[in-house]
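A note on names: the letters A, B, ... follow the listed sequences, proteins ahead of strands, and every chain is numbered from 1.
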Amino acid sequence: MVEFRVDRGSGLPAYLQIAQQVREALRLGWLAPGDRLPAVREVVATSGVNPNTVLKAYRELEFAGLVEARQGAGTFVKAGLGTGDREALGQLYEELAGWLSRARQAGLEDEDVYALLRTALDPDRERE
Amino acid sequence: MTDGLALAAHGLGKRYRATWALRDCSFELPEGRVAALVGTNGAGKTTLLTMIAGLLQPTEGEVRLPRGGRVAFVAQDKPLYRNFTPLDMLRVGAKLNRQWDQGRAIDWLTRFDVPPGRPCGKLSGGQQAQVAFAVAVGSRPSLLVLDEPLSDLDPLARRAVINELLTEVADTGMTMVMSTHVVAELSGVADHLLLLADGALLMSGDVDDLLAEHRVYIGPRSPEPPVPGRIVQASHAGGQSTFVLQGDAPVDEPWTVRPATLEEVVLARLSAGWTVAA
């Protein structure tokens with residue numbers, strides 16, 4: 001079961017934060033087609049967000065074709081998102097966690113890590 | 001009254017002797033919304049809420065509620081009978097309301113560990129607030145109006161009360177209007193913002209729409225923002241300038257852009273003080 005966390009200090013609207021967390025859960029395989037998303041009431045009770053916000057997030061995901069609402073039964077995952085091999089994903093995560101702890105030891109902060117990651121994803125950008 | 005509205009105000013105003021506490025206030029609130037009423041001290045928040053609750057006669061204009069709408073109001077001082085126990089207060093609530101849900105009221109007291117048999121005068125401020133909330137949710141309102149509901153509570157209890165109130169919204173479909181000072185706690189809680197300043201409604205609108213149209217640009221000190229857009233607020237400190245803009249144009253380095261938080265938008269609007277059509 002996924003549990004949503006809403007960062008109240010973020011300028012990103014809460015419904016987009018929830019939709020983003022569902023997308024990430026799909027990418028990481030925590031949610032798979034057929035899984036039911038938590039009921040609106042459960043999300044409200046556990047994360048203290050407005051029911052309209054949760055409904056809006058679910059509608060957004062429905063428009064994107066990722067989930068479907070079934071009358072009276074809840075909202076279910078329709079499509080997966082991750083393209084990678086699940087086993088490789090676990091392996092890569094462990095390597096990344098190790099890399100991250102070395103980065104911390106070297107004194108890198110979150111922003112430094114993001115900067116490195118962005119550069120690695122798009123090497124041409126830095127050479128301009 | 002239009003279908004699907006929980007509340008509408010038309011040209012609402014209240015004058016105390018020569019002074020207008022609120023003037024020309026018009027807005028509509030759809031059913032099931034959670035509205036936050038935000039404004040500086042003396043902006044007219046309590047005056048507006050008391051008129052919505054029907055406890056104060058407007059000098060001009062009117063408040064409209066749907067047929068059969070039931071309003072519950074929790075005033076800021078949360079008045080209770082000192083010698084009554086919480087259970088006595090629920091009995092009063094049951095007698096005074098046409099609809100009453102004893103189970104919900106009892107659940108609320110239990111959830112917040114309020115001793116049901118102790119006189120209200122001997123309860124802590126936080127517990128007294130919980131008794132007032134229990135009576136309010138027990139009356140099964142279609143519109144729950146709360147004036148600074150969180151002011152007597154510690155931060156943990158604030159979160160818990162908000163969660164319970166939102167769960168009530170999810171369960172019953174009721175509409176909620178609450179005034180608050182704590183804008184930082186509103187993200188994800190309120191979906192509608194009512195902003196008051198000096199007795200005038202500065203804005204009424206959907207929170208997500210509001211967030212979507214504001215961005216914060218930060219960069220080297222400059223008299224003008226790096227992109228076009230309406231300047232909501234500009235501030236300059238040391239070698240750096242910060243602009244809150246209405247607009248979302250991308251920007252080149254060394255400028256950075258990020259979404260504005262609800263708190264930034266509210267503070268910027270309050271300090272700028274310009275009025276927009278709702």
Counting N and O atoms only, with roles assigned by atom type, does the side chain of B/Arg159 sit under 3.5 Å from a partner on the main chain of A/Gly48, one being a donor and the other an acceptor?
yes

d(A/Glu42 CD, B/Thr167 OG1) to nearest 0.5 Å is 11.0 Å

**Q.** More than 12 heavy atoms of other groups within 6.0 Å of B/Asp252 CG
**A.** no

Of the listed A/Val6, A/Leu12, A/Val49, A/Asn50, the one with the largest count of heavy-atom pairs under 4.5 Å with chain B is A/Asn50

For residues 13-21 of chain A against chain B, heavy atoms under 4.5 Å, the residues are A/Pro13, A/Ala14, A/Tyr15

Among residues 94-113 of chain A, those lying within the under-4.5 Å heavy-atom range of chain B are none

In short, B/Asn163 meets A/Thr46 closest at the heavy-atom pair ND2-O, 4.3 Å

Heavy-atom closest pair (A/Asn52 atom, B/Val34 atom, distance to 0.1 Å) is ND2-N, 4.3 Å

So what's closer than 4.5 Å to chain A heavy atoms on [X]: side chain, backbone, both or neither?
X	value
B/Leu211	side chain
B/Ala160	neither
B/Arg215	neither

Per-residue tally against chain A (heavy atom, under 4.5 Å) across B/Gly188, B/Ala190, B/Ala212, B/Pro259 peaks at B/Gly188

From the list B/Leu165, B/Asp171, B/Val207, B/Val216, the residue making the most non-hydrogen contacts under 4.5 Å with chain A is B/Asp171

